[in-house]
There are 2 protein chains.
Amino acid sequence: MIESHMETQTQTHSQTRNALLERLSEPERRALFPSIELVEISPKEVVYAPRQALKYAYFPETCVMSKITVLEDGTEIEAATIGNEGMVGVPIILAAIDMPSKIVCQIGGTAWKVPAEELMQAMETNPEFSLVLKKYAQALFELLAQGTACNRLHTIEQRCARWLLSTHDRVEGDTFSLTHEFLATMLGVRRPGVSLVAKSLQDNGLVSYKHGRMTITNRHGLEGISCECYAAVRDNYGRLI
Amino acid sequence: MIESHMETQTQTHSQTRNALLERLSEPERRALFPSIELVEISPKEVVYAPRQALKYAYFPETCVMSKITVLEDGTEIEAATIGNEGMVGVPIILAAIDMPSKIVCQIGGTAWKVPAEELMQAMETNPEFSLVLKKYAQALFELLAQGTACNRLHTIEQRCARWLLSTHDRVEGDTFSLTHEFLATMLGVRRPGVSLVAKSLQDNGLVSYKHGRMTITNRHGLEGISCECYAAVRDNYGRLI
DNA sequence: CTTAGTTTGTTCGCTACCGAACAGACCGCA
DNA sequence: TGCGGTCTGTTCGGTAGCGAACAAACTAAG
């Protein structure tokens with residue numbers, strides 16, 4: 001449905017709006033991924049539950065997903081944000097059939113869905129694309145390493161700003177759906193903690209929000225508030241890809 | 001020097017005491033890694049500074065290394081522990097020429113040193129070994145994801161116990177060199193915080209220490225104190241390798 | 001054995017954040 | 001237009017851990 005809709009609007013998928021897929025020409029994409037499919041993913045949708053078989057990789061276009069660590073008591077906390085700059089399913093290229101993490105959709109939107117076998121086959125047949133995916137895996141690897149430091153050493157405000165910036169980078173426009181409750185879970189803090197910070201950001205004109213809609217009104221200001229982790233991760237990605 | 005010493009003691013290196021290298025037969029190892037070398041690494045030695053060219057991979061035998069995230073203000077904090085179960089240099093197999101993290105030796109000992117080119121070549125020529133390294137990369141990947149949650153949500157005591165257990169797994173015997181100061185840096189906390197916890201562990205007979213020497217006296221007890229992250233990471237490694 | 005350097009013990013006041021709870025505001029739906 | 005559910009504002013007391021500082025214990029080297 002979405003597929004045919006897009007067909008008429010774009011040049012028969014010559015644009016994927018995903019940084020990794022864009023490294024392939026349209027004929028290469030068609031050849032490597034005969035079963036590729038554009039799907040719509042809804043907010044809160046669980047794309048992969050822990051230990052669920054990794055049958056597909058997803059290359060986000062306009063959606064944003066999160067890699068979530070789930071603890072025994074059910075507590076969830078975000079480990080990584082994945083959007084149009086990357087892919088869900090790095091473990092597939094590392095020969096895993098499943099993973100302990102959970103993948104949840106943060107911000108609804110579209111993503112390209114590719115069967116795991118086709119992805120693995122593509123790694124074999126196309127060395128250039130294989131290289132791109134490996135470098136993305138490396139970027140994600142170092143993102144997680146930065147996250148361990150960030151979660152331990154930075155304040156809610158800093159991490160909140162970081163999260164807003166990296167989500168803003170991945171969505172269209174300046175407004176997206178986001179509740180304090182949800183952000184609190186992602187950051188691993190209490191909801192009132194986020195509310196307090198959010199109010200302060202709004203009072204300072206950096207963001208504006210109302211009942212589940214967040215708008216970034218001053219990116220530059222947020223960058224000043226954010227911890228260095230935002231820039232560190234972005235720059236490392238830029239160096240690699 | 002170490003090389004010739006070992007030659008006389010072991011069956012000409014038929015035993016590597018590294019879980020990953022052990023997946024190769026001795027002839028395979030000789031063929032794949034003509035330049036492999038057993039080296040001694042000293043405590044506190046910086047094996048890789050941030051952004052230093054990744055010329056060698058290291059497969060620890062008796063040493064224990066740490067992947068460290070370095071922040072702009074110079075603060076350091078451990079992201080992962082690497083010992084005889086794994087390797088230093090996963091980014092090499094992900095086509096990186098360097099990385100933002102730092103690699104430091106925690107506990108001195110021996111490691112097998114392999115030129116990056118030989119490792120990359122081995123990935124090409126030996127699919128089974130390539131698979132093992134990919135799976136280890138995946139294990140490390142999920143270890144970092146667990147670490148983001150752990151650093152945010154678990155107490156000093158829990159993380160302290162986790163660290164002691166995972167180091168204990170990687171060294172010979174129950175005693176190793178470790179100061180509170182050093183452990184505090186690894187965990188990203190103050191030194192008195194560690195001293196307090198350490199004293200409590202000692203009072204409860206779980207460990208015993210004096211002036212830079214730590215002895216694990218009750219592993220089982222430590223496992224009870226530790227957060228779930230120790231077991232989660234260990235089990236995930238076990239499933240993969 | 002002495003001394004200098006390292007390691008550990010312990011204290012202080014302070015702050016960020018927690019867990020819980022409740023009130024008010026907003027929004028979609030009947 | 002009102003009602004019920006969702007979202008945000010705000011408060012409370014409590015605690016884990018911070019930063020700084022200093023004292024005591026140990027150990028190695030001369």
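Since this is a predicted model, take the numbers as computed values, not measurements. Proteins get letters first, then strands, A, B, ... in listed order; numbering begins at 1 in each.
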- prompt: Given atom CD of B/Q202 and atom P of C/dT7, what is their separation to the nearest angstrom?
  reply: 16 Å
message: Within the 3.5 Å criterion, strictly below it, is a donor on A/D73 or A/T75 matched to an acceptor on the partner's side chain?
response: yes
query: Looking only at side chains, do A/Q138 and A/E142 share a donor and an acceptor under 3.5 Å apart?
result: yes
- prompt: What's the CG-P distance between A/L196 and C/dA16, to the nearest Å?
  reply: 11 Å
message: Whether the side chain of B/R191 and the base of C/dG9 hold a donor-acceptor pair under 3.5 Å is what I'd like checked.
response: yes
message: Just the rounded figure in Å: distance from P of D/dT11 to NZ of A/K199.
response: 10 Å
task: Determine, for A/R17 against A/E172, whether the closest basic-nitrogen to carboxylate-oxygen distance falls under 4.0 angstrom.
output: yes
field: Nearest-angstrom distance from the residue atom CG of A/L201 to P of D/dT8
entry: 13 Å
message: Would the distance check show the side chain of A/N204 and the main-chain N or O of A/L206 forming a donor-acceptor pair, the cut-off being under 3.5 Å?
response: no
Nearest-0.5 Å distance that lies between atom CD1 in A/I77 and atom CG in A/L187: 7.5 Å
query: For DNA chain D, what residues of residues 171-181 of chain B have any heavy atom nearer than 4.0 Å?
result: none
Rounded interatomic separation in angstrom, taking CE from B/M214 and C1' from C/dT7: 12 Å
Contact list for DNA chain C against residues 151-168 of chain A - heavy-atom distance below 4.0 Å: A/T155, A/I156
query: At under 4.0 Å between heavy atoms, what does B/G212 touch on the DNA or RNA strands: base, sugar-phosphate, or nothing?
result: sugar-phosphate
task: Indicate yes or no for a side-chain donor-acceptor contact from A/T69 to the backbone of B/A145 under 3.5 Å, with no hydrogens or angles considered.
output: yes
task: Test for a donor-acceptor pair under 3.5 Å between the base of D/dG17 and the side chain of B/R190, counting only N and O atoms.
output: no
field: Short N-O contact, B/K199 and B/D203, less than 4.0 angstrom
entry: yes
Gap between atoms CG and C1', on B/D203 and C/dG9 respectively (whole Å): 12 Å
message: Test your reading of the model: is there a side-chain donor-acceptor pair from A/T62 to the backbone of A/T110, 3.5 Å cut-off?
response: yes
query: Quick one, which residues of residues 204-211 of chain B touch DNA chain D with a heavy atom under 4.0 Å?
result: B/K210, B/H211
query: Do the side-chain N and O atoms of A/S66 and A/E78 include a donor-acceptor pair separated by under 3.5 angstrom?
result: yes
- request: Measure from the side chain of B/S195, starting at C-beta and using heavy atoms only, and say which of C/dC18, D/dT8, C/dG9 lies closest.
  value: C/dG9
task: Check for a donor-acceptor pair, side chain of A/N18 on one end and backbone N or O of A/G86 on the other, with a separation under 3.5 Å.
output: yes
query: Which of parallel (below 30°), tilted (30 to 60°) and perpendicular (above 60°) describes B/W163 and B/F176?
result: tilted
